[in-house]
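So you know, we letter chains A, B, ... as the sequences are listed, proteins then strands, and number each from 1. Given the structure is predicted, the values throughout are model-derived calculations rather than measurements.
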Protein chains: 2
Amino acid sequence: MDDRQPTLRDVAEAAGVAVSTASRALSRPGRISPRTEARVRDAADRLGYTPSASARALSSGRTSTVALVVPDVTNPFYFGLVRGTGARLRETGYVQVLVDTEESAEAEARALAGLRGTVDGAILASSRLDDDRLVRLASELPVVTVNRTVPGGAAPGVVLDTPSGIVQALEHLASLGHTRVAYAAGPRTSWSDSRRRAVLEPAAARLGLDVTVLGPYAPLRTAGPAAADAALQAQVTALVAFNDLLAFGVLERLEARGVPVPDQLSVVGCDDVFGADLVRPRLTTVALPMERAGRHAADLLVARLSGLGAPPGDPVVLPTHLVIRASTGPAPVR
Amino acid sequence: MDDRQPTLRDVAEAAGVAVSTASRALSRPGRISPRTEARVRDAADRLGYTPSASARALSSGRTSTVALVVPDVTNPFYFGLVRGTGARLRETGYVQVLVDTEESAEAEARALAGLRGTVDGAILASSRLDDDRLVRLASELPVVTVNRTVPGGAAPGVVLDTPSGIVQALEHLASLGHTRVAYAAGPRTSWSDSRRRAVLEPAAARLGLDVTVLGPYAPLRTAGPAAADAALQAQVTALVAFNDLLAFGVLERLEARGVPVPDQLSVVGCDDVFGADLVRPRLTTVALPMERAGRHAADLLVARLSGLGAPPGDPVVLPTHLVIRASTGPAPVR
DNA sequence: ATGAAAGCGCTAACAC
DNA sequence: GTGTTAGCGCTTTCAT
């Protein structure tokens with residue numbers, strides 16, 4: 001009685017059928033007589049058979065694993081996403097490989113190159129790849145993007161309608177009597193940032209707001225103090241930050257300078273990450289349904305991998321909404 | 001000119017050598033004449049050759065991937081760990097598969113069963129598996145644990161010396177004049193919690209402290225309010241919480257009840273997760289070198305997988321330290 | 001409906 | 001040092 005893992009051949013022998021029959025019985029139920037199928041299944045779990053993933057991958061060309069590529073696993077912005085894709089992928093029989101590119105396009109490209117062949121497809125979150133490379137990649141590997149579109153619709157994607165959330169924030173501020181507000185921009189290379197800036201102008205005009213763009217700033221807490229000072233200098237009564245992390249740094253600096261929030265300056269964040277309601281005052285911010293985005297992205301990819309699945313087409317856009325907490329209030333009277 | 005991926009055979013042909021030679025040249029540099037090796041490498045990247053992971057896995061029996069199994073990816077406690085293992089694993093040529101077991105021993109067992117064969121080994125963080133299953137698993141798959149030991153030393157592991165950090169917290173509180181302190185315990189099944197409780201008694205005696213154990217509580221923010229109320233009821237002047245998440249909830253409740261921290265009650269957390277210095281007052285907490293733990297765990301596993309690597313032996317224990325912030329202060333005079 | 005047999009791309013003996 | 005040759009365990013035509 002040797003202890004090596006039983007192979008399909010062992011199962012076939014035990015069931016008294018050919019390997020091919022056993023293979024069919026196990027991997028494509030239905031194409032086979034119920035009786036033999038039952039016999040095979042029976043033998044299989046009597047022997048404690050577990051198919052070899054690599055053998056299956058080699059002969060079928062499919063690996064049943066997909067990569068989730070994020071710029072920074074420790075950025076709370078991605079938690080929900082990781083959860084969402086992970087859950088859906090598991091449900092559909094895929095294994096998720098989490099890849100951290102450390103905010104570098106190079107590392108992203110390298111990782112993806114190494115993974116080609118190892119994964120059936122990839123979900124790219126906030127990809128740092130430039131359009132060219134993204135398009136090329138999409139032609140070699142089934143890809144779906146999150147918070148980023150591929151030119152020419154080469155890959156399906158899901159995007160969060162953050163611009164709408166930002167407009168909601170502006171409306172909120174306008175309704176509170178603010179007239180001069182600042183937007184602390186994110187990195188110049190941020191796809192999401194440029195989309196938001198496009199809506200700033202028209203929304204401001206419509207609402208009678210005077211919006212000053214500050215930055216760019218790194219989307220980090222450590223960049224916040226500079227943004228806070230710039231806002232103070234700009235004489236605005238409200239600041240909308242590129243993301244919550246930046247807003248945390250802003251709040252910190254304002255506290256240090258003794259500037260009351262929201263009495264003297266209202267602050268709005270974006271993403272509603274873990275911590276947004278831990279800070280004081282609790283942060284008013286734009287909430288993004290990231291877990292849902294993850295499930296959606298996984299669905300899109302799985303559909304493509306299954307052959308079904310409409311060709312790319314327009315990206316799925318998910319709504320966002322402003323969560324009003326304590327960091328925003330009426331404009332100070334002057 | 002067909003566009004399928006070039007195989008090792010194509011490379012060999014192009015270089016005018018046998019496949020085996022090409023294989024050696026590419027995967028084990030040194031065992032071959034420098035000239036042929038150069039020729040092969042050359043041909044390889046001229047053709048844009050990428051080895052097939054599954055073929056390699058099938059014939060070698062190694063997959064070059066390892067699983068990192070955590071109870072909850074979205075728990076900030078694991079961020080550093082994920083980073084650390086990921087970084088080290090990447091450096092050593094492994095791909096990391098992140099598995100979220102959603103706090104369930106069943107899910108953990110199931111995931112691991114499905115992964116056997118897909119991964120060369122696994123790093124188990126705060127495994128929810130009972131000793132029996134853990135031992136059995138360790139006999140089937142190279143495993144290293146983090147924050148948990150396997151009975152009989154069946155698997156190497158790295159443990160965080162949290163008990164020492166807790167003692168530091170107690171010393172800190174004693175030095176501030178506190179005499180009655182509470183410990184809000186974690187889940188009864190928590191290995192880490194039981195280790196800490198073991199040091200409570202002796203440390204308290206030595207320091208002349210009266211320590212009351214409250215709980216158990218879920219290690220979540222939502223469990224905090226109950227812990228806060230219990231502490232108030234217990235008439236203590238300081239509370240040490242099982243983890244920061246729980247402490248966050250405690251702080252919240254105290255704020256709601258108008259209890260000044262630390263003036264009336266000092267609060268200590270554990271883990272120093274993201275957010276600990278976002279709350280007000282900033283949380284005094286025990287900092288754990290999780291990223292380092294991750295790198296260490298990865299090293300341990302890689303060593304075992306490479307054949308070298310001393311047999312299990314004692315777990316590596318990493319020091320922790322108390323980070324004093326604003327949530328602790330002198331005991332109130334009475 | 002089932003079986004026989006040919007690989008998938010690579011590694012690892014084993015010869016030379 | 002390099003070539004030959006078996007497989008690794010499975011899926012998949014192609015027959016039957």
Nearest-nucleotide pick for [X], side chain only, options being [options]:
{"X": "S23(B)", "options": "dC10(D), dC10(C), dT11(C)", "answer": "dT11(C)"}
{"X": "S52(B)", "options": "dC10(C), dA1(C), dT2(D)", "answer": "dC10(C)"}
{"X": "T36(B)", "options": "dG1(D), dT11(D), dT11(C)", "answer": "dG1(D)"}

Name the atoms and distances for all side-chain donor-acceptor pairs under 3.5 Å in residues 72-79 of chain B, with sequence neighbours left out.
| unit_1 | atom_1 | unit_2 | atom_2 | d |
| --- | --- | --- | --- | --- |
| D72(B) | OD1 | R83(A) | NH2 | 3.2 |
| D72(B) | OD1 | T74(B) | N | 2.9 |
| D72(B) | OD1 | T74(B) | OG1 | 2.8 |
| D72(B) | OD2 | T74(B) | OG1 | 3.4 |
| N75(B) | OD1 | F77(B) | N | 2.8 |
| Y78(B) | OH | S126(B) | OG | 3.1 |

To the nearest angstrom, how far is [X] atom [atom1] from [N] atom [atom2]?
{"X": "L58(B)", "N": "dC10(C)", "atom1": "CG", "atom2": "C1'", "value": "8 Å"}
{"X": "D10(B)", "N": "dC8(C)", "atom1": "CG", "atom2": "C1'", "value": "13 Å"}
{"X": "R9(A)", "N": "dG7(D)", "atom1": "CZ", "atom2": "C1'", "value": "11 Å"}
{"X": "L26(B)", "N": "dT11(C)", "atom1": "CG", "atom2": "P", "value": "8 Å"}

task: Have a look at R128(B) and tell me which of E102(B), E108(B), E103(B) forms a salt bridge (Lys or Arg N to Asp or Glu O under 4.0 Å) with it.
output: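 Testing each of E102(B), E108(B), E103(B) against R128(B), the sole residue satisfying salt bridge (Lys or Arg N to Asp or Glu O under 4.0 Å) is E103(B).
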query: Checking all strands, does R62(A) fall into the base, sugar-phosphate, or nothing category for heavy-atom contacts under 4.0 angstrom?
result: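 Sugar-phosphate, backbone atoms only, no base.
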- request: Tell me what S54(B) touches on the nucleic acid: a base, only sugar-phosphate, or nothing, going by heavy atoms under 4.0 Å.
  value: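 Answer is nothing: S54(B) stays at 4.0 Å or more from every strand.
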message: Looking at R24(A) and dG3(C), is any side-chain donor or acceptor paired with a base atom of the opposite kind under 3.5 Å?
response: yes
- prompt: Under 3.5 Å, is there an N or O donor on one side and an acceptor on the other linking the side chain of S20(B) and the base of dT4(D)?
  reply: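 Flag set: donor-acceptor pair detected.
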Short side-chain N/O contact to dC10(D) OP1/OP2 from S27(A), under 4.0 Å: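 No, S27(A) has no side-chain N/O under 4.0 Å of OP1/OP2 on dC10(D).
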message: Quick check on dC10(D): is either OP1 or OP2 less than 4.0 Å from any side-chain nitrogen or oxygen of S60(A)?
response: no
- line: Taking every heavy atom of V159(B) against every heavy atom of P315(B), the minimum-distance pair comes out as CG1-CB, 3.7 Å
message: Closest-nucleotide mapping onto DNA chain C: is V19(A) or R39(A) further toward the 5' terminus? I mean the 5' end.
response: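 Per heavy-atom nearest nucleotide, the more 5' residue is R39(A).
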Side-chain donor/acceptor pairs under 3.5 Å, residues 139-147 of chain A, sequence neighbours excluded:
| unit_1 | atom_1 | unit_2 | atom_2 | d |
| --- | --- | --- | --- | --- |
| S139(A) | OG | R136(A) | O | 2.6 |
| T145(A) | OG1 | R148(A) | O | 2.6 |

